[in-house]
Amino acid sequence: MQVRRLHPWPSSVAEAESIQDRLRGHVELTGPTGFALVAGLDVHYHGDDAVTAAVVVLDGSTLAPVEHVVAEGRVAFPYVPGLFAFRELPALIDALQRLTVTPDLLVCDGYGLAHPRGFGLACHLGVLTALPALGVGKTPFIGTHEPPGPERGAWTPIVHEGATVGRALRTQRGVKPVYVSQGHRISLDTATDQVLRLTARFRLPEPIRHADHLARHPS
DNA sequence: GCGACAG
DNA sequence: ATCTTGTCGC
């Protein structure tokens, strides 16, 4: 599939932040509610700066695997909180470009709108591909929230600077919540519905679990 | 064995 | 993010 190059690669923190500030204006917070093909993305780190990126495409209704791609790369930016996306983007884009099918939704391992400048990895991937995208974080990042109720499906808003930027969502009884935020071309209600639909069995969405497995054990 | 969770 | 050890439970 096609991935647009909307910016040069940043050579400083200030450049990276200004790219996020500019692309933030491209994010759309509404979109389709159903998705025929759902992709999960993840990156595994090895050694000093090697990364393996994996993209797995599943049938949106049966969750049967349709296609997967693995790409090797290098960490592309130093670790700076809020600029995490720049570490992984080149390897993820490389993997996406090698897909022969175009997914209808990207399920990203990380944050979207719930980010210091409102432009986390899920927003970045959504805008570069023009596809609906959502982010699922495993630990709280920004904003404040109450713990959601104990039953599967319970959620509470994540509020940052007076705005709702995501939801803490209980995907299974007796497990820690996940943190859902919009990436691109999706509403928060739809993002929440999709994450719940993709977590019938485990805490994390099936597409992310598949991608995580593949990135760790390429085969 | 795998998943969740602890330290 | 990674790695390692161990417990509990399905």
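Every heavy atom of this structure was used, including side-chain atoms; hydrogens, water molecules and symmetry mates were not. Letters go in sequence order (proteins before strands), and every chain restarts at 1. Quick caveat, the model's predicted, so the values are computed rather than measured.
For the 3.5 Å distance criterion, the side chains of A:Q194 and A:T190 fail to qualify, holding no donor opposite an acceptor. Side-chain contact check for A:E67 and A:T100: at least one donor-acceptor pair (N or O, by modelled atom type) lies under 3.5 Å.
The aromatic rings of A:W9 and A:F86 sit perpendicular, their planes meeting at an angle over 60°, well past the 30° parallel limit.
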- Message: Let's test your reading of the pairing rules: Watson-Crick or G-U wobble, both distances under 3.5 Å, then write DNA chain B as a dot-bracket string with ( ), [ ], | and dots.
- Response: |||||..
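Chain A approaches DNA chain C within less than 4.0 angstrom (heavy atoms of the protein), and the contacting nucleotides run 5' to 3' from C:dA1 to C:dT2.
Taking every heavy atom of both residues into account, A:A191 and A:V180 meet most closely at CB-CG1, 4.0 Å. Considering every non-hydrogen atom in both A:V136 and A:I208, the closest pair reads CB-CD1, 4.1 Å.
A:R216 places its CZ atom 13 Å from the C1' atom of B:dG3, with the value rounded to the nearest Å.
In this structure, A:R74 does not pair ionically with A:D48, as no charged nitrogen and carboxylate oxygen lie closer than 4.0 Å. Of the charged side-chain nitrogens involved, at least one lies within less than 4.0 Å of a carboxylate oxygen, so that A:R216 and A:D212 count as a salt-bridged pair. Under a 4.0 Å N-O distance rule, the pair A:R117/A:E17 qualifies as a salt bridge.
Contact check of residues 40-59 of chain A against DNA chain C (heavy atom, cut-off under 4.0 Å) returns A:H44, A:Y45. Listed by residue number, the members of residues 72-87 of chain A with any heavy atom below 4.0 angstrom from DNA chain B form an empty set.
Through side-chain heavy atoms spaced under 4.5 Å, either directly or across other Ile, Leu, Val, Met, Phe, Trp or Tyr residues, A:V165 is tied to A:Y111, A:F141, A:I142, A:I158, A:Y179.
A donor-acceptor pair is defined here as one N or O able to donate and one able to accept, closer than 3.5 Å; no such pair exists between the side chain of A:R152 and the backbone of A:R173. Under the 3.5 Å distance criterion, the side-chain polar atoms of A:D109 are left unmatched by any main-chain donor or acceptor of A:D42.
Residue A:V195 is not grouped with residue A:L29 when hydrophobic side chains (ILVMFWY) are merged at heavy-atom distances under 4.5 angstrom, including chains of intermediate members.
With A:V3 as reference, A:L128 is the one residue of A:L131, A:D94, A:L128, A:L99 to meet the side chain to side chain contact (heavy atoms under 4.5 Å, CB included) rule.
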Write out a two-atom table: protein N or O, nucleotide N or O from nucleotides 4-6 of chain B, distance below 3.5 Å.
unit_1	atom_1	unit_2	atom_2	d
B:dA4	OP1	A:R203	N	3.2
B:dC5	OP1	A:G174	O	3.2
B:dC5	OP1	A:K176	N	3.0

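A:H124 has its ring centre less than 6.0 Å from the ring centre of A:H7.
Counting non-hydrogen atoms of other residues, nucleotides and ligands closer than 6.0 Å to CD of A:E146 gives a total of 12 or fewer.
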